[in-house]
Number of protein chains: 2
Amino acid sequence: MPTRPPSMGYPATLSEVARLAGVSLPTASKAMNGRGDVAAATRKRVLDAAEQIGFTPNQLARSLLVGRSGTVGLLTSDLEGRFVLPILMGAEDAFGAGQVNVFLCDARGDHIREQHHLKALLNRRVDGIIVVGRQTDPRPSLGHDLPVPVVYAYAPSDDPDDLSLTPDNEAGSRLAVEHLIACGRSRIAHITGDPSYAAAQDRVRGVQQALAAAGLELHGEAMFSEWSERWGRDAAAVLLDRHPEVDAIACGSDQIARGVLDTLRDLGRLVPDDVAVVGYDNWEVLTTNARPELTSIDANLQQLGREAALALFRAMDSSQPEPKGVQYKPVRLVIRGSTIAHR
Amino acid sequence: MPTRPPSMGYPATLSEVARLAGVSLPTASKAMNGRGDVAAATRKRVLDAAEQIGFTPNQLARSLLVGRSGTVGLLTSDLEGRFVLPILMGAEDAFGAGQVNVFLCDARGDHIREQHHLKALLNRRVDGIIVVGRQTDPRPSLGHDLPVPVVYAYAPSDDPDDLSLTPDNEAGSRLAVEHLIACGRSRIAHITGDPSYAAAQDRVRGVQQALAAAGLELHGEAMFSEWSERWGRDAAAVLLDRHPEVDAIACGSDQIARGVLDTLRDLGRLVPDDVAVVGYDNWEVLTTNARPELTSIDANLQQLGREAALALFRAMDSSQPEPKGVQYKPVRLVIRGSTIAHR
DNA sequence: AAACTCCTCGAAACCCTTTTCGCAGAACCT
DNA sequence: AGGTTCTGCGAAAAGGGTTTCGAGGAGTTT
């Protein structure tokens, strides 16, 4: 009696292929995988048989045997955030090209859930893990007693022995302010978001570095509150009341910049003629629909995700000690109408 | 000689646990899984041993044996879109609670890539697949010769024998217009996006149903172009030039509504006093930062994802014929300041 | 014709876990 | 004391594939 009802069980097995082709099971395996030691005619018979009954190799069995699953875990702290998705896309893209599939786990900011997902991933014998955070603030390490390599993206690990990839926020706002200065501005203000975010602090630092390098000073204090359009509007109103001479505003996010643009418009200040504005994040929905379109800093998040995937690949393959620590990845300036008229 | 160098191989196996606990392998298995037939003392010995060497059960082996992997595939046509993510979250959430893990595959709108991912998922023996599209236009079915159940979310399958869950766009804009009428508006216009989208057509139909039910007519033609703020601005300018009497505008998206709000402000029309505005999608970043905040239609996408997961669950468990066809899921109205003053 | 090489193929072991089934021994009954 | 019922545990098979190694046959050489 056959172990499986013939011609009905959907996932045909290799032994059925072998039987149909009139060869032994190992020969069928070799034929399917292009290993040597199989005559051309035999190989063809096997391939035809496989085709005929719609054989699909069972990855579970293969993985079990060879000791690697060809899967990785993508552990996000929060899917909601706008920054996670591009990283996800980049990573999925890079892995997809290498026959690796991605388990998506969303811990929703909960440590317990994160541990639970981590355990599930290890049980499934993933070959590696990418941890994606929603902020650039350091996050607790998963630890080093894991049987697989881990790469942290966006939110770096707080353990310097881990490998973390995060955008260079300091360089980003430096770039923005250097651009403003190159545009002939000298009375530059900075409106940004929640001061408890490392991103806010890093970007302020970048602004000040660029100003100092040009022998300039910030006009007014850096203004912190929340990452919202509303705050951008309010802050700009206050700023222009106190410092009407300002001729450029570097913003901590595109949302804030959108609010700033609104207030400038309300006050009759022309952008970029009277005041130049630069955002941060290059969130296209916001930047390309602004009036005028918004110059911004793009963190190349998709590229970041791709690089995280590649770093993990290397760590998986070689199991040699990969370079460690936090790598700050370059960002780029995208110039639009809010800093240069007529584009 | 042990098959594995002792106390080094990271993934400890059950047989090592058994050896350490001084029992046979099957007994260890029973002890770990809480099956009967194991004395309490023995069970404790086994659990202690497992704890000691950090045993994690190999899901690959278990899956291979029991014939289901406890994984599902999430096949998206495009991760970029704003609508896919909430659905993803809902689905991942629902599955996560049920010990099921999710393979994320992004076909990026490419049919070839989709087929490639589908094959990979089947090779990995997923127990089911959710297909998430980025538009509500029907999409080609994956077919019925698949060994696992499939549920389509957002973009319905073009095959009525498939199960599809999609938001009820017609009801959505009906809801929006009924709300405008309830607010005392009667001279209502409609500005929407790309006419090649089913969403645009469905929403126009809903608008007209609600108007007809109240004995009203649309002011001006429905205005189609693209789903952007820019178009919202331009369309509103044209509309108010030709039909200055308009007292409410139902928009096909929040982005369009934001543009409409901008133009109304430029023209000195008060919102909602002179003109009420309602958006669509309830994209919080846009709605809650608008001036005034934007009333909108929420498609409950996270809930949609969760329901898709549950439907797939049922189909996987029972393998009974699930209900088929396209299910239109209810949407809800979120009222904010753009239709009612003072909230 | 014998010896040798090369090429194809199959037997068997292995990956890790679950499950069925039967075997002992202990406890219970009469 | 002898028979019966539990109880706790282990031997073996199963799940689907890969790999090593050896066997047999054909072709080549001396």
Side-chain angles (χ1 to χ4, degrees), chain A residues 1-5 9-47 49-50 53-70 122-125 127 147, chain B residues 1-5 9-47 49-50 53-70 122-125 127 147:
Chain A
M1 184 167 72
T3 56
R4 164 194 304 289
Y10 253 118
T13 75
L14 188 56
S15 68
E16 296 178 49
V17 173
R19 201 184 323 144
L20 184 59
V23 299
S24 77
L25 197 148
T27 302
S29 171
K30 286 176 221 160
M32 291 297 300
N33 298 333
R35 298 221 169 270
D37 277 6
V38 173
T42 311
R43 164 159 298 140
K44 177 156 173 25
R45 273 215 320 285
V46 172
L47 291 178
I53 64 178
F55 168 73
T56 57
N58 189 329
Q59 275 292 345
L60 295 173
R62 177 179 296 184
S63 301
L64 179 60
L65 188 60
V66 302
R68 33 168 60 200
S69 62
L122 294 179
N123 286 353
R124 294 205 182 279
R125 296 298 189 263
D127 298 329
Chain B
M1 184 168 72
T3 56
R4 164 193 306 288
Y10 253 119
T13 76
L14 188 56
S15 69
E16 296 178 50
V17 174
R19 202 185 321 146
L20 185 58
V23 299
S24 78
L25 195 151
T27 301
S29 171
K30 286 176 221 160
M32 291 298 300
N33 298 334
R35 299 220 168 269
D37 278 7
V38 173
T42 311
R43 164 159 299 139
K44 175 154 172 30
R45 274 214 321 285
V46 172
L47 292 179
I53 64 176
F55 168 72
T56 57
N58 189 329
Q59 275 291 347
L60 295 173
R62 178 179 293 179
S63 300
L64 179 60
L65 190 59
V66 302
R68 34 169 59 199
S69 63
L122 294 179
N123 286 354
R124 294 205 183 278
R125 295 299 189 261
D127 298 329

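Numbered from 1 within each chain, the chains take letters A, B, ... in sequence-line order. For the numbers below, each heavy atom of this structure counts, side chains included, while hydrogens, waters and symmetry mates do not.
The side-chain hydrogen bond (donor to acceptor under 3.5 Å, both in side chains) check on B:Arg124 picks up A:Asn101, with sequence neighbours excluded. By the side chain to side chain contact (heavy atoms under 4.5 Å, CB included) test, A:Leu60 pairs with A:Asn58, B:Leu60, B:Ser63, B:Ser69, B:Arg125, sequence neighbours left out. Residues passing the side chain to side chain contact (heavy atoms under 4.5 Å, CB included) test with A:Leu25 are A:Leu14, A:Ser15, sequence neighbours excluded. Scanning for side chain to side chain contact (heavy atoms under 4.5 Å, CB included) contacts around A:Leu47 gives A:Met32, A:Arg43, with sequence neighbours left out.
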What protein N or O atoms touch nucleotides 25-27 of chain C N or O atoms at under 3.5 angstrom, if any, and at what distances?
none

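To the nearest angstrom, C1' of D:dG16 lies 13 Å from CE of A:Met32. With rounding to whole Å, B:Leu64 atom CG is found 7 Å from D:dG16 atom P. B:Leu60 places its CG atom 14 Å from the P atom of D:dT18, with the value rounded to the nearest Å. The CZ-C1' distance, from B:Arg62 to C:dT19, rounds to 13 Å in whole Å. Atom P of nucleotide D:dG16 and atom CG of B:Asn123 are separated by 14 Å, given to the nearest angstrom. Remark: C1' of C:dT17 and CD of B:Glu16 are 14 Å apart, rounded to the nearest angstrom.
You'll find that the side chain of A:Phe55 is closest to D:dG17, out of C:dT19, C:dC15, D:dG17. When the nucleotides C:dC16, D:dG17, C:dT17 are ranked by their closest atom to the side chain of B:Leu65, C:dT17 comes out on top. Proximity note for B:Asn58 (side chain, C-beta onward) versus D:dT18, C:dC16, C:dT18: the nearest is C:dC16. Side-chain atoms of A:Leu14 lie closest to D:dG17 of the nucleotides C:dT18, C:dC16, D:dG17.
Nearest heavy atoms, A:Val38 versus A:Ala31: CG2-N, 4.1 Å. For the pair B:Val46 and B:Ala21, the tightest heavy-atom approach, listed with the atom from each and the gap, is CA-CB, 3.9 Å. Summarising the geometry of B:Gly54 relative to B:Ala12, their closest heavy-atom pair is O-CB, 4.4 Å, with the distance given to 0.1 Å.
Note that the two end axes of the helix from C:dA1-D:dT30 to C:dT30-D:dA1 enclose an angle of 60°, each drawn from 5 base pairs, rounded to 10 degrees.
Within the structure, salt bridge (charged side-chain N to carboxylate O under 4.0 Å, His left out) pairs that include any residue of residues 54-66 of chain A do not occur (at least two apart or interchain).
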- Expected string for nucleotides 6-11 of chain D under the B/S/- scheme (protein heavy atoms, under 4.0 Å, primed atoms plus P, OP1, OP2 as sugar-phosphate) is --SBBB
